[in-house]
Amino acid sequence: MAIDIQMPALSPTMEEGTLSKWLVKVGDTVASGDILAEIETDKATMEVESIDEGVVGKILIEAGTDGVKVGAVILQLLEDGESADVLSAPVGGDMIVEDDKGDDKPGTAGAVHPENAGANRDMSGGMPQAVAVANDPDIPTNIKMVETTVRDALRDAMAEEMRRDETVFVMGEEVAEYQGAYKVTRELLQEFGSRRVVDTPITEYGFAGIGCGAAMGGLKPIVEFMTWNFGMQAIDHIINSAAKTLYMSGGQMRCPIVFRGPNGAASRVGAQHSHDYASWYANVPGLKVVAPYDAADAKGLLKAAIRDPNPVVFLEHELMYGETFDVPDMDDFIIPIGKAKVRREGTDITLVSHSRMVGRCLEAADILAEQGISAEVIDLRTIRPLDTDTVIKSVKKTNRIVCAEEGWGQSGIGAEVAARVVAEAFDYLDAPPERVFQADVPLPYAANLEALSLPGTKDVVEAAKRACYK
Amino acid sequence: MSKQKKSNTSRLYVPEPQFRPGDTPDYSHISVPVGHAPSRPDPLCPAHETSEHATRLIRVLRFSGEAAGDWIPKISPDTLRRALRDLALTRAMDDRMFNMQRQGKMSFYMKSAGEEAVSIGHAMALRDTDMVFPTYRQQGILIHRGASIKEMMCQCLSNSGDPLDGKSIPVLYSFKKHGFFSISGNLGTQLIQGVGWAMANAYKDSDGIASVFTGEGATAEGDFHYALNFASTYRAPCLINVVNNQWAISSFQGIAAGEGETFAARGIGYGLATLRVDGNDILAVYAATKWAAERARRGGGATLIEHFTYRKSGHSTSDDPTKYRPENEPDVWPFGDPLERLKNHLIFIGEWDEEQHTRLLAEVKLEIREIYKSAEAMGNLSGETKVNDFTMFEQVYERSLPHLDEQKRMFAAERD
């Protein structure tokens with residue numbers, strides 16, 4: 001079997017680069033550690049070292065090629081004694097694309113992950129855009145739409161609020177010079193300077209506490225966690241101080257603050273970087289909890305969160321950062337916290353979810369439609385306060401519900417939604433509520449295990465069919 | 001000096017206090033210097049010039065009542081008499097509340113006996129608008145700043161006069177108008193929040209400073225170290241106070257930090273200015289606070305102050321200190337009593353006498369009794385007059401949310 005050498009990533013956010021120069025040619029024998037090629041992005045150049053030994057069998061990308069996707073096969077090495085006959089059509093990135101169709105296999109991980117960025121780009125359509133925008137009561141229909149990534153939408157929200165209100169500032173690890181671990185704070189330092197875009201020591205507990213204190217002192221901090229997993233260190237400030245101070249001080253002291261960062265599973269980052277905390281924070285009175293799906297909601301809800309006088313936990317999704325959606329080109333685009341959104345209307349079953357899982361539900365709705373089942377897709381958008389009314393109204397129409405989430409099942413968001421539906425619309429239900437969630441194990445690392453562990457489109461389709469007795 | 005206890009002879013060392021119940025405490029080895037207290041440097045001096053201040057002890061008052069040394073503050077006799085009154089009032093309130101807790105009027109109380117000078121001396125040296133992030137046992141700051149004693153009592157009694165509407169426990173006061181942040185029941189969180197508050201003030205170009213407090217026990221929390229690190233990194237205009245009262249419930253101070261170094265010395269490694277002060281000497285507390293406040297206000301950054309004092313009472317109404325330390329230890333503690341020491345000083349300078357003092361103590365006792373009566377007239381823990389039930393649903397969020405309104409409505413319907 002020939003060894004495929006893939007286009008490497010210089011950073012976690014790199015999606016493509018230039019293969020500037022080959023330092024080997026077909027027929028050369030290479031040893032581990034030999035330099036094969038030079039690649040570059042707009043930020044840096046890097047030498048590609050061989051980690052294997054063999055003979056260069058085939059060079060698949062010409063020197064000087066721009067826009068080479070991360071993960072694409074650039075060279076094939078023949079192992080000792082192997083003939084060039086084993087070299088067939090390029091494998092690797094494209095293979096992943098094949099695997100990808102329809103469900104949540106390894107590789108749908110999204111652009112940000114170096115292994116998958118290239119592959120994901122080629123997916124037909126990427127994340128489903130759905131037919132939602134036209135139905136969205138929050139956006140006037142005559143407004144021009146601009147294609148924006150979720151990452152940039154979040155950045156735009158912060159930048160706009162920082163221009164509007166000089167008490168707003170952002171702090172966290174690597175938010176300034178480095179522009180954010182996931183580049184969500186890109187160019188903020190250049191515009192607002194180091195007094196308002198503050199690099200902190202590596203201590204989530206420390207800077208969450210600083211943020212709480214600054215909020216109590218009259219500023220509006222945005223605290224970025226590199227991931228919400230690291231926010232565990234800071235949870236004492238978030239819950240014991242931010243959420244409870246207004247109440248415990250009898251309304252005298254307040255803590256208007258936004259804690260934000262990527263939440264839930266990314267790709268191949270293991271149990272300590274993949275935890276979904278939606279239900280943890282959803283449990284706490286005094287907090288508001290937001291988990292948007294698309295770029296417009298990410299922007300509108302983050303702006304609302306920054307203006308909210310309460311502490312807001314803002315749960316983003318790493319695998320959504322690179323996804324592009326339409327964002328209305330409006331001066332002050334705010335989405336109110338606490339309102340779910342019907343992303344697709346339907347009559348036979350209601351699919352309820354939030355964050356990235358909304359995309360899975362929209363895909364499932366397409367598949368169900370082909371099978372004659374009309375699914376209504378509700379994006380909760382806010383987890384606390386939970387907009388039960390929109391869900392109940394839908395269930396009264398469809399009489400069936402699937403509650404889907406990426407996190408674990410026990411005490412999950414879906415459990416809460418299902419309980420409220422049973423309590424408030426029991427007589428309307430024609431089937432027990434169905435649930436879709438992550439396997440009850442810490443998220444494993446291996447790609448196949450990770451894929452098995454996380455819920456996908458297929459799980460939603462199957463759950464919907466069970467609820468429809470089909 | 002320290003006795004070798006059996007548990008300390010193995011290679012696993014467990015610090016033990018010198019004296020436990022049944023021992024006769026002897027502190028004759030502790031020197032109480034005043035003549036060679038460290039000098040007073042310029043408040044904007046480089047932090048390292050205060051290293052020796054972290055290991056020695058700033059003192060002003062000799063036991064004779066005479067003020068001596070580099071740190072004598074300029075305070076008028078009237079102000080000193082007011083300080084004496086604040087000390088006496090705080091102690092009288094604590095005594096009354098402790099006794100009332102013993103009679104079942106409230107669930108819990110914590111006295112500040114023996115360390116009142118830390119709060120009051122400190123508050124005197126700050127502006128009333130400077131924000132304090134206290135821990136428990138800084139009730140003296142509220143008393144000095146003129147907070148309503150009746151409201152404090154009503155909170156402890158959990159009655160209809162509780163300004164916090166029953167939302168927090170006794171002693172964990174919260175008075176925004178007196179620059180007194182809600183006390184954190186899980187210990188330590190206020191340290192880093194206070195630093196953040198100070199940084200916010202610096203950002204706003206306000207000359208307000210923050211003063212944060214912890215007991216020596218909670219310096220073992222990570223919070224303390226985060227606070228020192230941030231205060232140093234961003235030169236936050238704040239004072240970080242460690243009230244070393246020797247005891248964290250039954251754990252002596254060596255449990256929190258080992259016995260190698262003082263609490264003030266922890267600031268040296270962080271590059272902070274460090275002062276260690278005799279916390280039973282109100283003039284020294286005042287002088288040290290004044291120095292640190294000036295440093296913070298003028299852009300010199302934060303100071304770590306260790307107030308070396310002694311907790312004369314138990315930790316709270318829930319423990320019996322005679323079970324873990326000699327009963328007479330508070331009486332033989334070599335740094336004396338802060339109230340007595342200020343009284344002696346006023347007498348020494350001819351501004352006070354025994355008769356006036358006796359009259360003052362009687363006066364504050366009566367005053368507290370009257371305030372207490374009016375507070376208890378609004379109810380107590382077990383009485384009829386309680387916090388209004390419906391306040392429970394308020395102040396969860398800045399503006400109420402529909403599900404909270406619904407909760408309230410359902411509750412009202414059940415009541416009807």
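Labels below follow one simple rule: chain letters A, B, ... track the order of the sequence lines, proteins then strands, and each chain is numbered from 1.
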Student: Relative to chain A, which segment of B:Phe181 carries a heavy atom at a distance below 4.5 Å: side chain, backbone, both, or neither?
Tutor: both
Student: Under 4.5 Å, counting heavy-atom pairs only, tell me which of A:Gly250, A:Pro256, A:Ala243 racks up the most with chain B.
Tutor: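 Counting heavy-atom pairs under 4.5 Å, the top option is A:Gly250.
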Student: Any side-chain donor-acceptor pair under 3.5 Å between B:Gln193 and A:His237?
Tutor: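 Indeed, the side chains of B:Gln193 and A:His237 share at least one donor-acceptor pair under 3.5 Å.
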Student: Regarding A:Arg163 and A:Glu191, does a basic nitrogen lie under 4.0 Å from an acidic carboxylate oxygen?
Tutor: yes
Student: Determine, for B:Lys408 against B:Glu394, whether the closest basic-nitrogen to carboxylate-oxygen distance falls under 4.0 angstrom.
Tutor: yes
Student: With chain B, which of A:Pro201, A:Pro285, A:Ala208 has the greatest number of heavy-atom pairs at distances under 4.5 Å?
Tutor: A:Pro201
Student: Using a cut-off of under 4.5 Å on heavy-atom pairs, state which of B:Asp223, B:Leu404, B:Asp165 scores highest against chain A.
Tutor: B:Asp223
Student: Which one of A:Val198, A:Asp236, A:Thr245 has the most heavy-atom pairs closer than 4.5 Å to chain B?
Tutor: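 Of the options given, most contacts go to A:Asp236.
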Student: Could you tell me whether B:Arg298 and B:Asp207 have a side-chain N and a carboxylate O separated by less than 4.0 Å?
Tutor: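 Judged by the 4.0 Å cut-off on N to carboxylate O distance, B:Arg298 and B:Asp207 do not form a salt bridge.
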Student: Hey, is B:Glu406 close enough to B:Arg409 for a salt bridge, meaning N to O under 4.0 Å?
Tutor: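 Answer for the salt bridge query: yes.
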Student: Should A:Asp332 and A:Arg307 count as an ion pair when the cut-off is N to O under 4.0 Å?
Tutor: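 A:Arg307 and A:Asp332: salt-bridged.
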Student: Which bit of B:Tyr397 is near chain A, if near means a heavy-atom gap under 4.5 Å: side chain, backbone, both or neither?
Tutor: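 Both backbone and side chain of B:Tyr397 come within 4.5 Å of chain A.
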Student: Heavy-atom distance under 4.5 Å to chain A: side chain of B:Ser184, backbone, both or neither?
Tutor: neither
Student: Is it the side chain or the backbone of B:Ala202 that comes within 4.5 Å of chain A heavy atoms, both, or neither?
Tutor: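 Answer is backbone: N, CA, C or O of B:Ala202 sit under 4.5 Å from chain A.
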